[in-house]
Amino acid sequence: MEADSPMGLRRLLSEAERLLARTGVAKPAVQPSRDPRFGEVTSTAAFLVARELKRDPREVAEDLASRIDLSEAELVESVEHVNGYLNFKVDWTRYAKAILDEIFSEGAGYGSSGIGEGRRIIIEHTSVNPNKPLHVGHARNVCLGDTLSRIFRFLGYEVVVLNYVDDSGAQMADLILGFTKLGYPLEPPPNARFDEYCGDVVYVESVRRAESDPSLAEERRRIVREIESGSGEAFRLNKLVVEKVLRDQLETCRRLGARYDILNLESAILEYGLWEEVFEKLRRRRAVYYAAEGSKAGCWLLDLSGHPILSREGDEVLVRSDGTTTYTARDIAYAAWKLGGTSKDFEYDLFGENPDGSPIYITSKDGELRKPIRDNVERVINVIDVRQKRPQEIVRYALKLLGLEFEKYIHYGYEVVALSRKDAKRMGYEPEPDQKIVHMSGRRGLYVKADRMLDMLKARAGEEVRRRHPEWGADRVEENAEKIAVAALRYSLIKQDLDKPIILDTDEMLKLEGDTGPYLQYTYARACRILEKADSSYSTQPYGEIGEDEKRLLRRMSYLPILLDEFPSNLMIKPLANYAYKLASEFNVFYEHAPVLQAEENVRKFRLAVVKAFTTVFSIVLNLLGVPLLEVM
RNA sequence: GGGCCCGUAGCUCAGCCUGGAUAGAGUACCGGCCUUCUAAGCCGGGGGUCCGGGGUUCGAAUCCCCGCGGGCCCGCCA
């Protein structure tokens with residue numbers, strides 16, 4: 001076989017398809033079997049043919065099976081027909097070798113088709129207002145966005161990660177009010193982080209006071225205007241506070257394993273006049289209109305009448321009667337920029353560095369750096385929770401009205417993270433009797449901070465690490481516990497369906513057993529220990545009968561390339577998390593039932609190859625999921 | 001009122017996009033397995049009207065329609 005063609009499951013699938021095609025079947029309909037009893041791959045072609053010819057599927061299957069010529073088959077050993085299904089069984093000695101050889105020849109690139117070479121993807125995620133620390137809901141956003149970015153990169157895409165920082169909204173004014181009028185010092189209390197101090201204390205208190213004190217509310221409005229004006233005490237103070245909070249927030253993101261390329265400040269969109277340019281285009285295209293009368297008199301509105309669904313709810317205000325722009329307006333300008341729909345591009349300053357050494361840029365009025373990213377963009381993916389679905393659709397429709405490639409603009413929506421009754425009560429909130437979940441709220445200070453969650457997980461993991469490795473020093477314990485905590489949180493936030501809210505139950509999450517990130521890490525560590533204790537000689541040539549546990553593992557490993565091939569079209573992360581769990585689970589069964597180091601030499605060499613292939617495949621998967629690898633646990 | 005989403009084991013969820021053979025995990029509960037590669041593991045057990053009803057199909061948890069229950073969105077907030 002040719003060295004650069006697939007050798008595992010994909011080769012088997014195409015071989016089965018070819019065999020069927022030679023019998024004259026139009027649609028071979030070959031798929032991996034759901035049960036090994038049905039062979040390795042199965043075809044339902046007989047059902048399709050039977051429908052056409054109005055015959056019994058079982059007869060058709062029998063007929064097809066008898067006409068399949070296996071004389072030139074490489075992997076397929078026999079074809080059986082059962083109840084209309086065609087089950088292909090393989091020569092496992094050759095198939096196992098083919099799977100292992102493919103893994104070893106591809107190495108760390110196993111599973112990547114390289115389909116993204118020369119293509120660029122823009123991913124925006126995180127985008128937390130810089131007035132508070134990240135809570136666990138934000139962490140879901142970060143982990144999803146970062147995982148998308150990891151997978152695309154693995155497939156060869158150039159990925160540009162953006163983080164949108166809304167540094168000029170009313171939420172900033174609330175915070176600044178606390179510093180200027182309520183007497184809060186700029187320095188947080190000892191041992192407190194600045195973002196937590198801002199979010200937990202100053203912001204919450206400021207919101208509460210402004211609700212009951214009209215003069216403070218008036219001062220807050222004044223601060224909003226001053227921040228947007230681009231000068232004055234509030235503007236300067238805000239700039240300072242934004243940067244401090246942002247640096248703390250990014251520390252949390254770094255802890256979670258996320259990386260960024262560009263931080264886009266909302267104020268830059270104003271400073272660069274992006275909105276004015278986009279507004280002018282919208283006017284020329286008659287996509288917006290001025291309301292002379294009615295409840296929206298004095299406003300500029302986006303005409304939604306051409307949209308099948310949005311039109312039912314009335315047009316969208318972009319410019320208020322006082323001349324200020326709405327959030328939607330600025331979001332449209334930003335989205336247009338992403339798609340190359342503005343003539344101006346940002347300039348940047350260096351803000352910091354990712355753990356991999358790559359730079360993080362931040363937009364700046366008189367920046368010295370340029371980073372043109374808008375050419376040759378295949379897709380723009382925006383990770384934003386589902387509550388923004390309608391606003392995002394409005395933005396997308398505006399892009400269409402602007403004549404931009406709105407099909408490329410994708411809202412990657414996901415459900416929120418909410419508190420369980422138990423956790424809400426712990427935080428001093430009293431749920432209604434029939435209330436099952438409690439939504440987090442930054443304004444009320446009702447949220448579980450991402451760092452706090454990580455710290456709890458780390459403390460729990462630390463207990464286990466100390467118990468298992470009493471000889472380890474504090475540093476090593478801490479380092480391991482941190483990685484375990486990150487694995488636990490990341491995995492729990494990405495393994496679940498995007499369409500389902502995650503109800504945070506901290507007690508459950510602190511159990512580091514079962515379908516969890518630490519289970520994956522533990523499995524990897526077990527495999528590493530075998531390799532560490534073994535001599536280095538292994539062989540992909542099976543010896544004797546291959547056990548069912550080995551077959552299951554090999555089957556699963558051979559499936560990764562197919563799984564990743566599907567990713568660019570469905571953007572689903574969950575199947576990969578699911579895959580990781582199943583692969584780990586199958587390795588553990590193998591581990592318990594098939595001794596490696598104790599086995600007779602020829603068997604040992606083959607099993608070592610299986611273990612080595614497993615660590616190769618599994619480390620790829622864990623890296624894609626952002627689950628830190630631990631060689632000892 | 002309009003739009004979107006969810007409903008599968010006591011609990012938390014896979015499977016649904018792309019229909020396929022006896023519907024799977026974790027957890028909880030009960031019972032086994034550490035002189036042999038790490039027990040954060042493995043093995044066994046009980047536990048199901050796949051929300052209900054129609055339809056399409058050789059075949060429906062999966063696709064379509066109608067209900068029921070729950071969540072979210074629909075501001076000159078961001």
Side-chain angles (χ1 to χ4, degrees), chain A residues 29 31 33-35 37-38 42 44 47 50-51 54-58 82-85 87 129 166 168-172 266 291 295-301 309-310 312-314 316-322 324-328 330-331 385-391 393 413 415-416 418 436-437 439 461 464-465 467-469 484 495-503 505 508 511-523 525-534 566 569-570 572 574-575 577-578 581-582 584-585 588-589 591-599 607 611 632-633:
Chain A
Q31 58 197 287
S33 305
R34 61 176 286 262
D35 188 310
R37 290 204 314 275
F38 307 139
T42 294
T44 53
F47 293 99
R51 172 179 293 177
K54 302 226 187 302
R55 288 177 56 194
D56 185 334
R58 282 167 296 196
V82 184
N83 294 328
Y85 295 92
N87 297 330
N129 290 341
D166 188 351
S168 45
Q171 79 285 349
M172 294 313 302
E266 183 177 79
S295 62
K296 310 264 169 89
C299 298
W300 281 91
L301 296 130
I309 291 164
L310 295 174
R312 299 185 198 189
E313 290 170 8
E316 181 77 6
V317 174
L318 297 184
V319 183
R320 301 187 193 98
S321 54
D322 65 2
T324 58
T325 53
T326 61
Y327 179 82
T328 305
R330 281 167 274 164
D331 215 11
D385 80 56
V386 281
R387 291 173 299 186
Q388 300 256 24
K389 186 162 184 165
R390 190 188 124 86
E393 182 54 28
E415 266 288 357
V416 297
K436 289 204 160 149
I437 62 171
H439 285 283
E464 283 298 314
V465 175
R467 194 168 63 74
R468 283 152 208 264
H469 302 282
I484 293 166
K495 74 166 179 170
Q496 192 146 328
D497 199 305
L498 295 174
D499 291 332
K500 288 177 181 166
I502 292 178
I503 294 140
D505 184 327
E508 283 302 314
K511 291 178 184 160
L512 308 175
E513 296 159 11
D515 186 6
T516 64
Y519 174 81
L520 304 179
Q521 292 175 307
Y522 179 71
T523 306
R526 281 179 132 188
C528 287
R529 180 54 65 91
I530 294 177
L531 297 179
E532 179 194 309
K533 291 189 174 177
E566 290 173 354
S569 60
N570 64 23
M572 293 206 291
K574 186 179 52 166
N578 219 265
Y581 176 69
K582 285 181 183 153
S585 178
N588 278 316
V589 173
Y591 182 94
E592 300 279 348
H593 300 313
V596 177
L597 300 178
Q598 308 296 324
R607 287 185 179 164
V611 175
V632 184
M633 189 166 157

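Letters A, B, ... are given to chains in the order of the sequence lines, protein chains preceding strands, and every chain is numbered from 1.
Asp56(A) has its CG atom 13 Å from the P atom of G59(B), to the nearest Å. Between Glu415(A) atom CD and C4(B) atom C1' the separation is 10 Å, expressed in whole Å. If you take CG of Leu520(A) and P of G26(B), they are 13 Å apart, rounded to a whole angstrom.
By the salt bridge (Lys or Arg N to Asp or Glu O under 4.0 Å) test, Asp35(A) is found to be paired with Arg37(A), residues two or more places apart in sequence or in another chain being considered. Every residue meeting the side chain to side chain contact (heavy atoms under 4.5 Å, CB included) condition with Arg387(A), not counting sequence neighbours, appears here in chain and number order: Asp385(A), Val416(A). Residues forming a side-chain hydrogen bond (donor to acceptor under 3.5 Å, both in side chains) with Arg330(A) (at least two apart in sequence, or on another chain): Glu266(A), Thr325(A). Every residue was checked against the side-chain hydrogen bond (donor to acceptor under 3.5 Å, both in side chains) condition with Glu566(A), not counting sequence neighbours, and none meets it. With sequence neighbours excluded, the residues forming a salt bridge (Lys or Arg N to Asp or Glu O under 4.0 Å) with Lys574(A) are Asp497(A), listed by chain and number. Residues satisfying the ring pair (Phe, Tyr, Trp, His ring centres under 6.0 Å) criterion with Phe38(A), sequence neighbours excluded, are absent altogether. Applying the side-chain hydrogen bond (donor to acceptor under 3.5 Å, both in side chains) test to Ser33(A) and every residue at least two apart in sequence or in another chain returns Thr42(A). Residues passing the salt bridge (Lys or Arg N to Asp or Glu O under 4.0 Å) test with Lys511(A) are Glu508(A), sequence neighbours excluded.
Across all strands shown, Lys574(A) has heavy atoms under 4.0 Å from sugar-phosphate atoms exclusively, and none from any base. Ile309(A) comes within 4.0 angstrom of sugar-phosphate atoms only, judged by non-hydrogen atoms across all strands, and of no base. At a threshold of 4.0 angstrom between heavy atoms, the contacts of Ala291(A) with the nucleic acid are absent. Within 4.0 Å (heavy atoms only), His469(A) reaches no atom of the nucleic acid at all. At a threshold of 4.0 angstrom between heavy atoms, the contacts of Asn83(A) with the nucleic acid are absent.
If you check A28(B), A39(B), G3(B) against the side chain of Tyr522(A), the one that comes closest is A39(B). With C43(B), A21(B), A14(B) as the choices, the nucleotide that has an atom nearest any side-chain atom of Arg34(A) turns out to be A21(B). Comparing A39(B), A14(B), G20(B) by their nearest atom to the side chain of Gln496(A) picks out A14(B). Taking the side chain of Tyr591(A) as heavy atoms from C-beta on, and the options A21(B), A25(B), C37(B), the nearest nucleotide is C37(B). For Met633(A), whose side chain is taken as the heavy atoms from C-beta onward, the closest listed nucleotide among C37(B), G2(B), U38(B) is U38(B).
At G71(B), none of the side-chain N or O atoms of His439(A) fall inside 4.0 Å of OP1 or OP2 (strictly under the cut-off). Distances shorter than 4.0 Å separate some side-chain N or O of Tyr519(A) from OP1 or OP2 on C42(B). Dashed line: the shortest gap from a side-chain N or O of Arg529(A) to OP1 or OP2 of U38(B) is under 4.0 Å. A sub-4.0 Å separation between OP1 or OP2 of A39(B) and a side-chain N or O of Arg468(A) is absent. An OP1 or OP2 oxygen of U38(B) is reached within less than 4.0 angstrom by a side-chain nitrogen or oxygen of Lys533(A).
Across the strands present, C42(B) finds its partner in G32(B); the criterion is a Watson-Crick or G-U wobble pair with both atom distances under 3.5 angstrom. Nucleotide G69(B) has C6(B) as its partner under the Watson-Crick or G-U criteria, with both atom distances under 3.5 Å. Figure legend. G48(B) is base-paired to no nucleotide; pairs are counted as Watson-Crick or G-U wobble with both atom distances under 3.5 Å.
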Between the protein and nucleotides 63-67 of chain B, which nitrogen or oxygen pairs are less than 3.5 angstrom apart?
none

N/O contacts under 3.5 Å, protein versus nucleotides 16-19 of chain B?
none

What protein N or O atoms touch nucleotides 31-35 of chain B N or O atoms at under 3.5 angstrom, if any, and at what distances?
none

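Here the side chains of Glu393(A) and Arg390(A) are not in contact, with every heavy-atom distance at 4.5 Å or above.
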Quiz item: In the 5'-to-3' direction, what one-character label does each nucleotide of nucleotides 73-78 of chain B receive under the scheme B = base within less than 4.0 Å of a protein heavy atom, S = sugar-phosphate only, - = no such atom?
Solution: SB-BSB
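Base orientation for C17(B): anti, the chi torsion being more than 90° from 0.
Ring stacking is absent between Tyr85(A) and G20(B), as the pair misses the limits of under 5.5 Å between centres and under 30 degrees between planes.
Of the P atoms belonging to G53(B) and G47(B), the separation is 23 Å, rounded to the nearest Å. Taking atom C1' on both nucleotides, G70(B) is separated from C51(B) by 11 Å, rounded to a whole Å.
Under the 30°/60° scheme for interplanar angles, the aromatic rings of Tyr519(A) and Tyr581(A) are found to be tilted.
The 12-atom threshold is not exceeded at CZ of Arg58(A), counting heavy atoms of other residues, nucleotides or ligands nearer than 6.0 Å.
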